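Everything quoted here is computed from the prediction, not taken from an experiment. Residue numbers begin at 1 in each chain, while the letters A, B, ... track the order of the sequences.
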There are 2 protein chains.
Amino acid sequence: MKKPKVKIRTVAEAAGVSVTTVSLVLNNVASARVGADTRQRIHEAAERLGYVPNEVARQLRAQRTNTLGLLGDEVTTTPFAGRMVLGAQEAASKHGWLLMLLNTGLDPELERKEISALLQSRVDGVLYTTMYHRVVRVPDQLRTVPTVVLDAEDDSANLPSVVPDEEGGAYLATKELLDHGHRRIGFVNSNLDIPATSGRLAGYQKALRQADVPFDPRLVVSTHPVSREGYAAASELLSRRERPSALFCFNDRVAMGAYQAASALGLRIPADLSVVGFDDQEEISEGLLPGLTTVALPHYAMGAWAVDALIARILDPNAPVERAVLPCPLVRRESVAPPVS
Amino acid sequence: MKKPKVKIRTVAEAAGVSVTTVSLVLNNVASARVGADTRQRIHEAAERLGYVPNEVARQLRAQRTNTLGLLGDEVTTTPFAGRMVLGAQEAASKHGWLLMLLNTGLDPELERKEISALLQSRVDGVLYTTMYHRVVRVPDQLRTVPTVVLDAEDDSANLPSVVPDEEGGAYLATKELLDHGHRRIGFVNSNLDIPATSGRLAGYQKALRQADVPFDPRLVVSTHPVSREGYAAASELLSRRERPSALFCFNDRVAMGAYQAASALGLRIPADLSVVGFDDQEEISEGLLPGLTTVALPHYAMGAWAVDALIARILDPNAPVERAVLPCPLVRRESVAPPVS
DNA sequence: TGAGCTTGATAAAACGGTTTGTCAACGACG
DNA sequence: CGTCGTTGACAAACCGTTTTATCAAGCTCA
């Protein structure tokens, strides 16, 4: 229970040298000239005493904390974003930086003060993130600290940001179905006003166009993108006289509803109906039978990219403002097969 | 782009007083005697200059960071644990503390040094957590810093910890089925050697005993608790001559498999079969049709409890070592109904 | 022999706050 | 009129590092 706090001075005295010398040696300062024997003694003393430098003192002196703040609208902990946080965390760790969690609550007035106070000199930069891809207004208080927008785009467009390539992902999904021979491909889109809605529609259309399949607006239905609504939308689509042979679903939850709709209609997947989802929420995509072919959101990669970009900006404030759009890879499972001819 | 760094000295000069006085006034030190007019001037100056104290300097002086480390085996960001992190984060925030994220990677040797270095004086305490409830050996390096074990129990049993009441949750789940009149209740348990397996079995048995329903071991099957295996296990159970009228599933993923098994066998839920899950993973429990009645793991509450306990211990190292077992509430949806008589 | 390098090491000044101890001025009181 | 307590304010020490500037000693070379 004793805590004789070994500080740098302790080591210095043990090695019979000055504090300066210890610091120089332990930090491997290139310009320092210290005899080999002295170095030896210092290292030994430090080792023996179990010396670890006080990081806070260091931070004060260096005017840098090597810490990033992950600031989000309750996001940070949404199950969805887990991998994004992980990507950020591991990237930070790779650079030797730490990640601090900050949730913006609901009271913006209160939050404003709190955040700027907490941020003050505790973090060198901020990852501003949202629960899902959208356009945000970054709080003014962040103007003073290097910031990167994660899984979102700021309206002013002068901050680095990283978002998923919604269009590219939808293109891949649709193309996967086309490549298997499908021509009547239903699309259960969302009815939310977010980039994913328009982006995925664009990707769907692009793939069709490229395959010379005429776009039929009647095959596209919009709905609130949850399982229950997906069930309803898919049921409607699949009950038509000329039913689609495949369904591209806005997300995995919708796809889950589609599975249930197909089951209710006696349609087997993928024999009678092919389905592709979006998001790759593993509880769903892996849990469904058969496994759901879907498009993965690059959460991990986005988190990592954002951290890299942020640290780059901290180190060099004049670094260019990049706005990344990361690819959404197709994850093949068992829900796609050629249509019955 | 100017940054004339307003520090406490700036305020002092602006108000025409000493640094000491500014500190005293701004921190509302009770024992300080400062004239009302002077206070006024200081507050005005601080406000006008937008002064915010440098937190790092403060930490150095106070020898305290008011920061907690959330340390886990990749946990911290598992979708599952999102609400746990949120609970911890919000509790910390309530106390005015911050949360730092640390993932223990895979290389324990490397990790050891890294962690102890990072921990050194950057955090005042550590939340040691795991992906799911189990017994862990807490790394030695944590012996030096106040630690609370979250969603796990340490083998030495001398650290505060908080875990879900597996038995109580299973009891509630089973009782819910019994209360609806079910007597033949199948239990698809996990085959993993974790507290949840034995605890949930105990709860299941306790509920049966209390309802005077004899325990029939043939109604219990063990399997790897994922959807696919759940499907197989449930199929087997439901294909028996005397099939159970209800299924208690180890977790929601298993329940998801059970839904699919029921569907394949032409059994409607809840008319022909009642199902209760465990975990309340909302993507599943809310996504299934009908909604899955399940037992929620108290992730949020556990996170909050752990933070409260940790801060209490930091403030008073002699605080008693509590080991909490938090209740798992039943979440009713639509998957339970009386059996067909 | 002394001027000038080089080597090895250090004292002291930051970094930006908090806290302790001291002190001058002033009114009250004996 | 001295003494004492109170009030209001501040100087200086401290927290644990890093870094700059300085210095003594030894060596080289003219």
Side-chain angles (χ1 to χ4, degrees), chain A residues 3-43 45-46 49-67 117-124, chain B residues 3-43 45-46 49-67 117-124:
Chain A
K3 290 183 139 198
K5 277 293 182 194
V6 27
K7 46 182 85 168
I8 198 173
R9 163 167 274 118
T10 321
V11 177
E13 283 165 3
V17 298
S18 77
V19 167
T20 305
T21 309
V22 174
S23 173
L24 258 21
V25 168
L26 259 25
N27 288 316
N28 274 322
V29 175
S31 64
R33 299 163 312 204
V34 178
D37 49 340
T38 309
R39 286 180 189 277
Q40 176 73 1
R41 254 184 305 140
I42 291 176
H43 277 122
L49 297 169
Y51 169 69
V52 183
N54 181 318
E55 191 58 33
V56 175
R58 236 181 201 170
Q59 292 176 4
L60 176 58
R61 173 66 222 225
Q63 295 293 80
R64 170 166 294 168
T65 61
N66 280 31
T67 302
L118 292 185
L119 254 39
Q120 191 66 11
S121 55
R122 284 185 82 143
V123 299
D124 296 331
Chain B
K3 289 181 136 197
K5 279 289 181 197
V6 28
K7 46 183 84 167
I8 197 172
R9 161 167 278 117
T10 322
V11 177
E13 283 164 4
V17 298
S18 76
V19 168
T20 304
T21 310
V22 176
S23 172
L24 259 20
V25 168
L26 259 26
N27 289 315
N28 274 321
V29 176
S31 64
R33 297 165 314 201
V34 178
D37 50 339
T38 308
R39 285 181 189 277
Q40 176 74 358
R41 256 184 304 137
I42 291 176
H43 278 122
L49 296 170
Y51 169 69
V52 183
N54 181 318
E55 191 58 32
V56 175
R58 229 177 207 177
Q59 291 175 6
L60 177 58
R61 172 68 223 225
Q63 295 292 80
R64 168 166 296 168
T65 60
N66 280 30
T67 302
L118 292 185
L119 254 39
Q120 192 64 14
S121 54
R122 283 185 83 143
V123 299
D124 295 332

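DNA chain D is contacted by both Val34(B) and Ser23(A); Val34(B) maps to the nucleotide lying nearer its 5′ end (nearest heavy atom per residue). In terms of position along DNA chain D, the nucleotide closest to Leu24(B) lies nearer the 5' end than the nucleotide closest to the other residue of the pair Ala57(B) and Leu24(B).
Counting non-hydrogen atoms under 4.0 angstrom, Ser121(A) reaches nothing in the nucleic acid. The residue Val17(B) sits close only to the backbone: its heavy atoms come under 4.0 Å of sugar-phosphate atoms, none of a base. Residue contacts for Val56(B): at a heavy-atom cut-off of 4.0 Å it reaches no nucleic acid atom on any strand shown. When heavy atoms are screened at a 4.0 angstrom cut-off, Arg33(B) is found touching base atoms of the nucleic acid. Note on Arg61(A): a base of the nucleic acid sits closer than 4.0 angstrom, heavy atoms only.
Side-chain proximity of Thr38(A) to dA9(C), dG16(C), dA12(D): nearest is dA9(C). Across dC15(C), dA12(D), dG17(C), the shortest atom-to-atom separation from the side chain of Thr20(B) is found for dA12(D).
In this structure, CZ of Arg122(B) is placed 14 Å from P of dT17(D), rounded to the nearest angstrom. Atom-to-atom, CG of Asn54(A) to P of dT17(D) comes out at 5 Å; the value is rounded to the nearest Å. When rounded to the nearest whole Å, the span between CG of Asn28(A) and P of dT19(D) equals 13 Å. Look at CG on Asn27(B): it is 16 Å from C1' on dA9(D), rounded to the nearest Å. Rounded to an integer number of Å, the gap from CZ of Arg9(A) to C1' of dC14(D) is 11 Å. Distance Gln59(A) CD to dG17(C) P: 15 Å, rounded to the nearest Å. The interatomic distance linking Arg58(B) (CZ) with dC15(D) (C1') rounds to 15 Å, in whole Å. Leu60(B) places its CG atom 9 Å from the P atom of dT17(D), with the value rounded to the nearest Å.
Using modelled atom types, one finds a donor on one side chain and an acceptor on the other under 3.5 Å when comparing Arg58(A) with Asn27(A).
Taking CD1 of Ile8(B) as the reference point, atom OG1 of Thr20(B) lies at 8.0 Å (rounded to 0.5 Å).
Nearest heavy-atom pair, Gly50(B) versus Val6(B), reported as atom, atom and distance to 0.1 Å: O-CG1, 4.2 Å. Of all heavy-atom pairs spanning Val11(A) and Ile42(A), the tightest one is CG1-O, 4.2 Å.
Proximity of Thr21(B) to the phosphate of dA9(D): no side-chain N or O atom is located under 4.0 Å from OP1 or OP2. Between dG17(C) and Tyr51(B), a contact under 4.0 Å exists linking OP1 or OP2 to a side-chain N or O. Distances shown here put a side-chain N or O of Gln63(B) below 4.0 Å from the OP1 or OP2 atom of dG16(D).
A heavy-atom distance below 4.5 Å is found between the side chains of His43(B) and Val25(B).
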